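One structure is given below, encoded as structure tokens.
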Amino acid sequence: MNSYAKDLHIYNSLTGKKEIFTPIHPAFVGMYVCGPTVYNYVHLGNCRTFISFDLVYRYLLHLGFKIRYVRNITDVGHLENDADEGEDKIAKKARLDQLEPMEIVQKYTLDFHKVLDQFNAYPPSIEPTATGHIIEQIEMIQEILKNGLAYEVNGSVYFDVNKYSESFPYGELSGRKIEDLIAGTRELDGQDEKRNPLDFALWKNASPEHIMKWTSPWGIGFPGWHLECSAMSTKYLGEQFDIHGGGMDLKFPHHECEIAQGCASTGKSPVNYWMHGNMLTLNGKKMSKSTGNTLLPSELFSGENEVLTKGFHPMVVRFFMMQAHYRSTLDFTSDALSAAEKGFEKLMEAIQDLSRVSTSTASTIDVNGLIASYYSAMNDDFNAPILVANLFETVKQINALKEGKATITQADLDGLTKNMKAFVFDVLGLTTLSESGDNSKLEGVMDLVLNLRQQARDNKDWATSDKIRDGLAAAGLVVKDGKKGTSWK
RNA sequence: GGUCUCGUGGCCGAGCGGCUAGGCACCGGUCUGCAAAACCGUCUACAGCGGUUCGAAUCCGCUCGAGACCUCCA
């Protein structure tokens with residue numbers, strides 16, 4: 001374990017405070033994050049949450065925790081509205097596209113994996129699906145029924161919120177009061193199965209035309225959306241585990257219901273630290289599939305969307321996200337991305353420069369102070385923007401070394417290099433922009449061309465020199481005349 | 001309508017009682033045949049109005065504005 005691990009503070013949505021992180025089992029961490037409902041392409045807003053928790057995962061790994069990271073795939077049970085009526089999202093898409101539901105699931109799961117891979121997000125330790133855990137869900141319902149906190153009506157089972165709230169604080173996560181919730185509930189016609197509008201479905205009876213259904217003790221049906229996360233987190237992480245993450249918009253009702261289901265089945269609140277990532281906005285509004293205010297990662301990479309002036313590399317987008325705290329909303333604009341792109345390149349060049357720094361017998365740079373600043377930033381509720389700022393402070397120092405205005409010992413340089421790379425590559429999850437394809441031939445040509453240009457320059461033949469430069473520029477190759485010779489990109 | 005969050009310099013964003021991040025842009029400089037790039041420096045902001053305090057962007061109240069949740073959403 002890293003010695004900094006004991007100082008990690010996490011903002012807990014349940015208490016509204018930053019708390020020191022103490023895992024249930026020392027050195028081991030169980031973390032569950034709500035994954036996507038795979039009925040469509042993931043948009044950039046979805047990605048932000050997963051990238052935020054990728055940062056959490058990576059930093060915990062860096063600190064030396066043994067961590068089991070579970071992130072589910074919702075492939076059934078997610079209805080179009082939470083009146084517990086309406087069509088299943090997967091089934092609807094399947095009907096519209098005339099495909100099997102599992103073809104829909106497969107298509108968009110593959111897309112999801114591909115996109116997260118492009119963003120260099122680690123895959124979770126376990127990625128369970130709702131359809132693969134019907135039995136576990138049924139068992140949990142039985143447990144809740146046994147405890148008298150759910151009731152069956154016409155082949156459906158509903159969670160009894162009123163009864164539950166006699167023993168447990170329903171609404172504690174989202175800070176809501178039952179009375180307020182009821183007051184805000186609209187009357188819905190013909191849905192009198194529920195005793196209380198706040199009750200939510202654990203199991204829904206399926207009509208004959210329903211295409212995704214399973215047999216259960218209550219007849220043929222399908223599980224409610226909130227249940228899968230409870231069943232799967234319990235199965236893989238235990239009745240109580242350390243961290244549960246998800247987007248802010250899942251806080252209510254989804255996570256509130258998860259707490260209720262956990263308490264109702266085991267008597268214990270399932271999660272110690274609730275973490276919620278904030279939304280990515282576009283034009284100041286939340287990115288959302290249902291409103292169409294979205295941007296797809298593929299559009300972002302290619303630049304094929306009217307809000308973009310050009311395409312951006314996934315690593316630039318990731319870096320852009322790292323410059324904002326995960327609990328703050330982040331507004332997406334093309335200008336902001338362009339700014340991030342410049343900064344990203346600056347950071348990456350400084351890292352490359354580290355290998356070219358010459359060492360000395362003494363250091364004028366406080367290397368340990370810089371390294372400590374990386375940890376203190378991340379230990380303060382994963383404050384990546386502060387980490388980035390501290391890394392840029394380091395960049396400034398590296399430039400000073402390059403200019404000969406500062407000195408560093410070999411040991412300090414080694415330590416700095418190791419830690420800076422660890423935080424940039426392992427923790428922030430950034431990678432250098434890989435040159436596309438095989439450039440060896442181009443490099444040979446460029447060496448030759450730049451050599452000829454240098455000869456012209458040596459002869460003060462500016463006409464030839466500039467002709468080469470302009471010609472290359474027209475071909476999209478930028479020539480940079482530096483102190484130590486000419487480079488290109 | 002109810003609950004809650006937020007309003008920071010040209011832009012994006014940290015900070016959340018005193019030490020006034022960072023990136024980008026702008027401007028100035030170094031370098032350079034010129035240009036670009038790179039590097040260095042400058043720019044001192046916290047919606048408005050009151051209050052608490054020796055001291056507030058940071059705490060409290062009010063006003064205005066934006067957003068989220070309350071219905072599917074990461």
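Numbers restart at 1 for each chain; the letters A, B, ... are given by sequence-line order, proteins then strands. Note: hydrogens, waters and symmetry copies are ignored here, and every other heavy atom, side chains too, is used. What you see is a predicted model, and the numbers here were worked out from it, not measured in a lab.
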With A:H133 via ring-ring contact (aromatic ring centres under 6.0 Å, His included) - residues at least two apart: A:Y236

Identity of whatever pairs with B:rG1 - Watson-Crick or G-U, under 3.5 angstrom: B:rC70

Integer angstrom distance from the C1' of B:rG15 to that of B:rG9: 15 Å

Least distance between heavy atoms, A:H226 atom then A:P253 atom: CE1-CG, 4.0 Å

All side chain to side chain donor-acceptor pair (under 3.5 Å) counterparts of A:D426, not counting sequence neighbours: none

Distance between C1' atoms of B:rC54 and B:rG48 (Å, rounded): 26 Å

Per A:R453 side chain, nearest of listed nucleotides B:rU3, B:rA74, B:rC34: B:rC34

Under the ring-ring contact (aromatic ring centres under 6.0 Å, His included) test, residues paired with A:Y108 that sit two or more places apart: A:Y41

Residue A:E403, side-chain heavy atoms: nucleotide from B:rC39, B:rG33, B:rC34 that is nearest: B:rC39

Results of ring-ring contact (aromatic ring centres under 6.0 Å, His included) for A:Y375 - residues two or more places apart only: A:Y4, A:H62, A:F423

Separation between the P atoms of B:rC59 and B:rU8, rounded to whole Å: 15 Å

Under 4.0 Å protein heavy-atom contact, by nucleotide of nucleotides 10-29 of chain B - B base, S sugar-phosphate only: --SSSS-----BSSSS----

Rounded distance (Å) that lies between atom P of B:rA37 and atom CG of A:L450: 17 Å

Spacing between A:R469 atom CZ and B:rU32 atom C1', to the nearest angstrom: 10 Å

salt_bridge(A:E349, A:K402) N-O dist < 4.0 Å: no

Any N/O donor-acceptor pair, A:D466 side-chain to B:rG33 base, under 3.5 Å: yes

Of A:C47 and A:R176, the one whose closest RNA chain B nucleotide lies more 5': A:R176

Pairing partner (Watson-Crick or G-U wobble, both distances under 3.5 angstrom) of B:rA56: none

Separation between the C1' atoms of B:rA25 and B:rA45, rounded to whole Å: 16 Å

Under 3.5 Å: donor-acceptor pair, side chain of A:N12, backbone of A:K17: no

Rounded distance in Å between the C1' positions of B:rU58 and B:rU52: 14 Å

Between B:rA68 (P) and A:H255 (NE2): distance, integer Å: 19 Å

Residue-phosphate contact under 4.0 Å: A:K286 side-chain N/O, B:rC69 OP1/OP2: yes

C1' atoms of B:rC26 and B:rC69, separation to the nearest Å: 40 Å

Complementary nucleotide of B:rA14, counting Watson-Crick and G-U pairs under 3.5 Å: none

Sugar-phosphate only, base, or nothing, as touched by A:G35 at under 4.0 Å among non-hydrogen atoms: sugar-phosphate

Sugar-phosphate, base or nothing in reach of A:G284, heavy atoms under 4.0 Å: sugar-phosphate

Identified salt bridge (Lys or Arg N to Asp or Glu O under 4.0 Å) partner of A:R453 from the options A:D461, A:D466, A:D481: A:D481

Spacing of A:E345 atom CD relative to B:rA37 atom C1', expressed in whole Å: 11 Å

For B:rU44, the Watson-Crick or wobble counterpart (both distances under 3.5 Å): none

Span that lies between the C1' atom of B:rG13 and that of B:rC46, in whole angstrom: 13 Å

B:rU42 to B:rA74 separation - C1' atoms, rounded to the nearest Å: 42 Å

Spacing between A:M248 atom CE and B:rC69 atom P, to the nearest angstrom: 11 Å

Distance test, side-chain N/O of A:K285 to OP1/OP2 of B:rA68, below 4.0 Å: no

A:K194 NZ - B:rU71 P separation (whole Å): 9 Å

5'-most by nearest nucleotide on RNA chain B - A:S174 or A:E349: A:S174

Nearest-Å distance for atom pair CG/C1', residues A:L198 and B:rU71: 13 Å

A:D331: partners by side chain to side chain donor-acceptor pair (under 3.5 Å), with sequence neighbours left out: A:T281

Distance in angstrom units between A:D470 CG and B:rA35 C1', rounded: 9 Å

Who pairs with B:rC64 - Watson-Crick or G-U, where each distance is under 3.5 Å: B:rG7

